[in-house]
There are 2 protein chains.
Amino acid sequence: MNRRVKMSGVTDPGLRARKKARTRAELQRHALRLFRDRGFAATTADDIAAAADVSRSTFFRYFPTKEDVVLLDDVDPLYDAAFRAQPAGTPLLRALARSMRTAFASLDDEKRALEEVRMDLARTVPEIGAVLRERNTFGVDAVAALVGEAVGRPADDDDVVVFAGVVSGARLAAQALVRRDPDRAYIETFADVLEVLADGVPLADAPIVT
Amino acid sequence: MNRRVKMSGVTDPGLRARKKARTRAELQRHALRLFRDRGFAATTADDIAAAADVSRSTFFRYFPTKEDVVLLDDVDPLYDAAFRAQPAGTPLLRALARSMRTAFASLDDEKRALEEVRMDLARTVPEIGAVLRERNTFGVDAVAALVGEAVGRPADDDDVVVFAGVVSGARLAAQALVRRDPDRAYIETFADVLEVLADGVPLADAPIVT
DNA sequence: TCTTACTTGAGACTCAGTCTCAGTTCGGCG
DNA sequence: CGCCGAACTGAGACTGAGTCTCAAGTAAGA
């Protein structure tokens, strides 16, 4: 029993793969806990490995850098999917705002808590923020790809890239706002900013006063 | 002769300070050269120190990290100054685009070359890009401060922060565009993007197709 | 059950970054 | 001019990230 079912359409993982997934998840779980409690810099790769009961070598086999451990994520694909599920005709910025809200709302409590720790670290620890910004669903390239597809233009079309830059900028703004007022919820703030932008860039035409 | 003139309004540096400035500049000069020729990762702090004929310790005394050496910059203050010099009444985005162009044009050839290497590294080497984005004149916080002052609003005003995010996003877009087509000049591209945005966010109202 | 391929732990190695200490050099003052 | 204190430098030890190699263990498949 518990044999790998090779014939069925969905290839069932098998013991080896299941073990790997479990180890990876364990490493992340302990890492995030330690980062939260002791701080990122004060947590060594050894600490994490020890907590997850594997060797340091193994830690780096699963995650190329200490930052990468924060990247592991079940949520980003959900944003993507939610966006693709938006009905045709929806204006882009609204569609993005909405898909963020629905994707985040669809998370169960455990995942949401995990996600909040991740976003907190992203705002707090510069190295992590940088990595996340580059490899996230909301990096310029990723948004450009997503949006280009949605409007039927190439991902390197100037307008598409500029639009993607604005969306990434909206995220930067949201992070800055939450940093200034930690009571704000990040996802909500991000979605709000996108909706503000749907009515035009604030201050775009504001003149300089002396 | 060559005595430090303490009485005159401008405090003349003195030997010590001059030496420091020279060492710092030398370190940067060699570092950028080595980064360009060998690559960032393949250049060790020892290499740079040796090239500039100082000890490794001294290198880290001048620059807290290897990335920081790329940050040293005479140009950013020029952008600031050029922006502040824009006539009252100029709309913000135009003012930013213009001040970038004039500041960059005011550089002599040597400085401009240096600046181009820096921007190239910023686009090419992720670590450097990240540091530059955070500590640059065009980071969200810096833009918010500059713009808040210009429109007479606090730097943590929501509109100001969102606007600053858009400007930072414009930079991200410009970097992405140059990455796709290295023949573009970065500064020009950045200014162009800002001017595009002055006419509204492209695709903002574009609907999703299918 | 036996072979093969993947996975792991141990440990050596390089390099970034921090810190301490001792020696040197500059600046200022008598 | 000569001396003292402060700033600067180089040497070297130390921690921790990240890479690599090798030997031992374990799942997969026949």
Side-chain angles (χ1 to χ4, degrees), chain A residues 1-8 11-27 30-31 34-35 38-71 121 125-128 130-131, chain B residues 1-8 11-27 30-31 34-35 38-71 121 125-128 130-131:
Chain A
M1 60 186 250
N2 226 338
R3 282 265 113 172
R4 170 131 56 132
V5 190
K6 266 222 146 151
M7 325 262 80
S8 78
T11 351
D12 166 72
L15 177 55
R16 207 153 226 167
R18 260 178 291 134
K19 219 172 189 172
K20 267 173 79 168
R22 189 151 27 90
T23 304
R24 173 169 272 116
E26 273 295 275
L27 280 169
H30 284 109
L34 289 167
F35 291 166
R38 292 188 206 171
F40 180 73
T43 305
T44 72
D46 259 321
D47 295 339
I48 303 172
D53 203 41
V54 296
S55 74
R56 210 181 77 97
S57 310
T58 299
F59 173 79
F60 282 112
R61 221 168 260 129
Y62 279 88
F63 299 99
T65 74
K66 217 174 74 172
E67 285 83 36
D68 276 287
V69 80
V70 183
L71 241 68
L121 286 166
V125 183
E127 306 89 295
I128 295 182
V131 173
Chain B
M1 64 185 238
N2 226 336
R3 278 267 112 166
R4 171 132 55 135
V5 191
K6 264 224 146 152
M7 323 263 80
S8 80
T11 350
D12 165 71
L15 177 55
R16 205 153 225 166
R18 258 178 293 134
K19 218 171 189 172
K20 268 174 75 169
R22 189 150 30 89
T23 304
R24 172 169 273 118
E26 273 295 275
L27 280 168
H30 284 109
L34 289 167
F35 291 166
R38 292 190 206 172
F40 179 73
T43 305
T44 71
D46 259 322
D47 296 338
I48 304 171
D53 203 41
V54 296
S55 73
R56 210 182 78 96
S57 309
T58 300
F59 173 79
F60 282 113
R61 222 167 258 131
Y62 279 88
F63 299 100
T65 74
K66 217 173 76 171
E67 284 83 36
D68 275 288
V69 80
V70 182
L71 241 68
L121 285 167
V125 183
E127 307 89 295
I128 295 182
V131 173

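Only this structure's heavy atoms are used, side chains among them; waters, hydrogens and symmetry mates stay out. A note on names: the letters A, B, ... follow the listed sequences, proteins ahead of strands, and every chain is numbered from 1.
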For this session: Have a look at Phe63(A) and say if it touches a base, only the backbone sugar-phosphate, or nothing, with a 4.0 Å heavy-atom cut-off.
Result: nothing
Specify the separation, in whole Å, of atom [atom1] of [X] and atom [atom2] of [N].
X: Arg18(A); N: dT7(C); atom1: CZ; atom2: P; answer: 14 Å
X: Arg22(A); N: dT7(C); atom1: CZ; atom2: P; answer: 14 Å
X: Phe59(A); N: dG18(D); atom1: CZ; atom2: P; answer: 8 Å
X: Arg24(A); N: dT8(C); atom1: CZ; atom2: P; answer: 10 Å
X: Arg38(B); N: dC15(C); atom1: CZ; atom2: P; answer: 11 Å
X: Arg61(B); N: dG17(C); atom1: CZ; atom2: P; answer: 15 Å
X: Lys20(A); N: dA28(D); atom1: NZ; atom2: C1'; answer: 14 Å
X: Glu127(A); N: dG18(D); atom1: CD; atom2: P; answer: 10 Å

Problem set entry | Residues in contact with DNA chain C, drawn from residues 42-53 of chain B - heavy-atom cutoff 4.0 Å | Thr43(B), Thr44(B), Ala45(B)
Which value, rounded to the nearest 0.5 Å, describes the distance between [X] atom [atom1] and [Y] atom [atom2]?
X: Lys66(B); Y: Ile128(B); atom1: NZ; atom2: CD1; answer: 8.5 Å
X: Leu27(B); Y: Asp68(B); atom1: CG; atom2: CG; answer: 12.5 Å
X: His30(B); Y: Leu34(B); atom1: NE2; atom2: CG; answer: 7.5 Å

Problem set entry | Note, Val70(B) side chain near Val131(B) side chain (heavy atom, < 4.5 Å) | no
Restricting to nitrogen or oxygen on both sides, can you table the protein-nucleotides 23-25 of chain C pairs closer than 3.5 Å?
residue	atom	partner	partner atom	Å
dT25(C)	O2	Arg16(B)	NH2	3.0

Exercise. Quick one: ring pair (Phe, Tyr, Trp, His ring centres under 6.0 Å) pairs with a partner in residues 42-62 of chain A, sequence neighbours left out?
Worked result: Phe59(A)-Phe63(A)
For this session: Taking only the side-chain nitrogens and oxygens of Tyr62(B), find out if one of them lies under 4.0 Å from OP1 or OP2 of dC8(D).
Result: no
Problem set entry | Short side-chain N/O contact from Lys66(B) to OP1 or OP2 of dG17(C), under 4.0 Å | no
For this session: Counting heavy atoms from C-beta on, name the nucleotide in dG18(D), dT9(D), dG11(C) closest to the side chain of Thr58(B).
Result: dT9(D)
Seminar exercise, completed: To the nearest 10 degrees, the angle between the two end axes of the helix from dT1(C)-dA30(D) to dG30(C)-dC1(D) (five pairs per end) comes to 10°
Exercise. If you take atom types as modelled and just measure distance, does the side chain of Arg56(A) reach the base of dG16(D) with a donor-acceptor pair under 3.5 Å?
Worked result: no
Exercise. Is any N or O donor-acceptor pair between the side chain of Ser55(A) and the base of dA10(C) shorter than 3.5 Å?
Worked result: no
Problem set entry | Contacts of Phe40(A) that satisfy ring-ring contact (aromatic ring centres under 6.0 Å, His included) - sequence neighbours left out | Phe35(A)
Exercise. Taking for each residue the nucleotide of DNA chain D with the nearest heavy atom, is it Ala17(A) or Phe60(A) whose nucleotide lies nearer the 5' end?
Worked result: Phe60(A)
Seminar exercise, completed: So salt bridge (charged side-chain N to carboxylate O under 4.0 Å, His left out) across residues 42-65 of chain B, not counting sequence neighbours, yields Arg38(B)-Asp47(B)
